[in-house]
Amino acid sequence: MKLLSLEERQQIAYAETPRIGASVPRRGNWATRLVASSIMRLLGWRIVGEVPDLPKILMIGAPHTSAWDFLLTVLTVGSLGGDLHYLVKQSFFASPLGGLIRWLGGIPVDRQNTRGFVDQMIDEFERRDTFMLAIMPEGTRSKVKEWRSGFYYIALGAGVPISLVIFDFGEKLMRLGPALTPSGDYETELPVLQSYFLGIRGKNPT
């Protein structure tokens with residue numbers, strides 16, 4: 001991974017309305033894609049960038065300042081026809097909505113045990129032929145000084161790339177990519193990952 005300057009990042013060319021390749025996990029049909037993309041247009045948002053043409057992808061989204069981030073991620077992947085999975089507190093699956101949450105791609109997780117969480121997600125990647133997982137590395141909508149490292153070690157252990165999802169509320173753009181492959185040097189590569197999000201305004205600036 002290479003640490004880019006702000007000027008270099010601003011020069012990255014994002015393709016308009018990306019298409020996902022045949023290897024990417026799929027879900028839905030033309031009707032569901034039309035509904036999701038229509039909602040995005042009504043909200044005034046556009047999707048730019050690219051999704052790696054791979055069967056297994058770990059997507060990380062930032063800056064995470066609002067519940068709108070999750071909705072925009074779901075609508076973005078729905079517009080492209082992808083099959084997205086996301087993390088939900090284990091207790092929610094015991095509620096009457098548990099079945100619906102699982103059907104929509106929710107995966108139960110106990111975030112109190114960090115090591116157990118990482119192993120659980122690596123197991124999910126290993127037991128599936130295709131898997132697209134979304135994680136918010138900040139872990140909360142409140143202002144945080146540090147990202148949680150779990151996402152990095154999940155990608156490293158599962159041997160999958162980390163694909164960026166940038167919530168650009170200033171431009172109303174969902175910026176997808178680039179995809180970066182972790183080498184195991186977390187302390188060096190974390191600033192590289194975070195550099196792509198510098199200067200981006202979330203819904204609730206912090």
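Here the CD atom belonging to Glu124 is positioned 10.5 Å from the CD1 atom belonging to Ile154, to the nearest 0.5 angstrom. For the atom pair CD of Glu171 and CZ of Arg201, the computed distance is 9.0 Å after rounding to the nearest 0.5 Å. Annotation: the span from Tyr86 atom OH to Ile135 atom CD1 amounts to 14.0 Å, rounded to 0.5 Å.
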Show your reasoning for whether side-chain contact (heavy atoms from CB on, under 4.5 Å) applies to Leu80 and Arg19.
CA-CA 6 Å; Leu80 302 178; Arg19 296 178 180 272; over 6 Å; no
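Contact annotation: the side chain of Val160 never approaches that of Phe131 to less than 4.5 Å [non-hydrogen atoms, C-beta and beyond]. Contact check for Val192 versus Thr188: no side-chain heavy atoms found under the 4.5 Å cut-off. Side chains of Asp119 and Tyr153 form no contact here, defined as non-hydrogen atoms less than 4.5 Å apart. Looking only at side-chain heavy atoms (C-beta outward), Met136 and Ile60 stay at 4.5 Å or farther from each other. Contact annotation: the side chain of Ile57 never approaches that of Leu133 to less than 4.5 Å [non-hydrogen atoms, C-beta and beyond]. With a 4.5 Å cut-off on side-chain heavy atoms, Met121 and Ile107 count as touching. Contact of the Ile20 side chain with the Asp53 side chain is not registered, since no non-hydrogen atoms from C-beta on lie closer than 4.5 Å. A heavy-atom distance below 4.5 Å is found between the side chains of Leu164 and Phe197.
A distance-only check finds a donor-acceptor pair linking the side chain of Thr65 to the backbone of Lys203 [under 3.5 Å]. Of the possible donor and acceptor atoms, one in the side chain of Asn29 sits under 3.5 Å from a partner among the backbone N and O of Thr32. Distance alone, capped at 3.5 Å, places no donor-acceptor pair between the Lys56 side chain and the Gly159 backbone. For Tyr196 (side chain) and Pro178 (main-chain N/O), no donor-acceptor pair under 3.5 Å exists by modelled atom type.
In this structure, Glu189 and Thr181 approach most closely via the heavy-atom pair OE2-O, 4.4 Å. Pairing each heavy atom of Leu54 with each of Pro161, the nearest pair is CD1-CG, 3.5 Å. Nearest heavy-atom pair, Ile122 versus Gly157, reported as atom, atom and distance to 0.1 Å: CD1-CA, 3.8 Å. Taking each heavy atom of Tyr152 and Asp185 in turn, the nearest pair found is OH-N, 3.2 Å. Of all heavy-atom pairs spanning Trp147 and Tyr186, the tightest one is O-OH, 3.9 Å. Taking both residues in full, the closest heavy atoms of Pro137 and Gly61 are given as CD-O, 3.3 Å, listed atom of the first, atom of the second, then distance.
Aromatic pair Phe167/His64: ring centres not closer than 6.0 Å.
Note on Val74: it does not cluster hydrophobically with Leu34, by side-chain heavy-atom contacts below 4.5 Å among ILVMFWY residues.
Met40 pairs with exactly one of Arg46, Met174, Lys172 by the side-chain contact (heavy atoms from CB on, under 4.5 Å) rule, that one being Met174.
Ring geometry for Phe169 against Trp45 counts as perpendicular: the plane angle is over 60°, on a 0 to 90° scale with 30° as the lower cut.
Here Asp168 pairs with Arg175 in a salt bridge; the nearest charged N to carboxylate O distance falls below 4.0 Å.
Within a 6.0 Å sphere centred on CG of Asp129, other residues, nucleotides and ligands contribute 12 heavy atoms or fewer.
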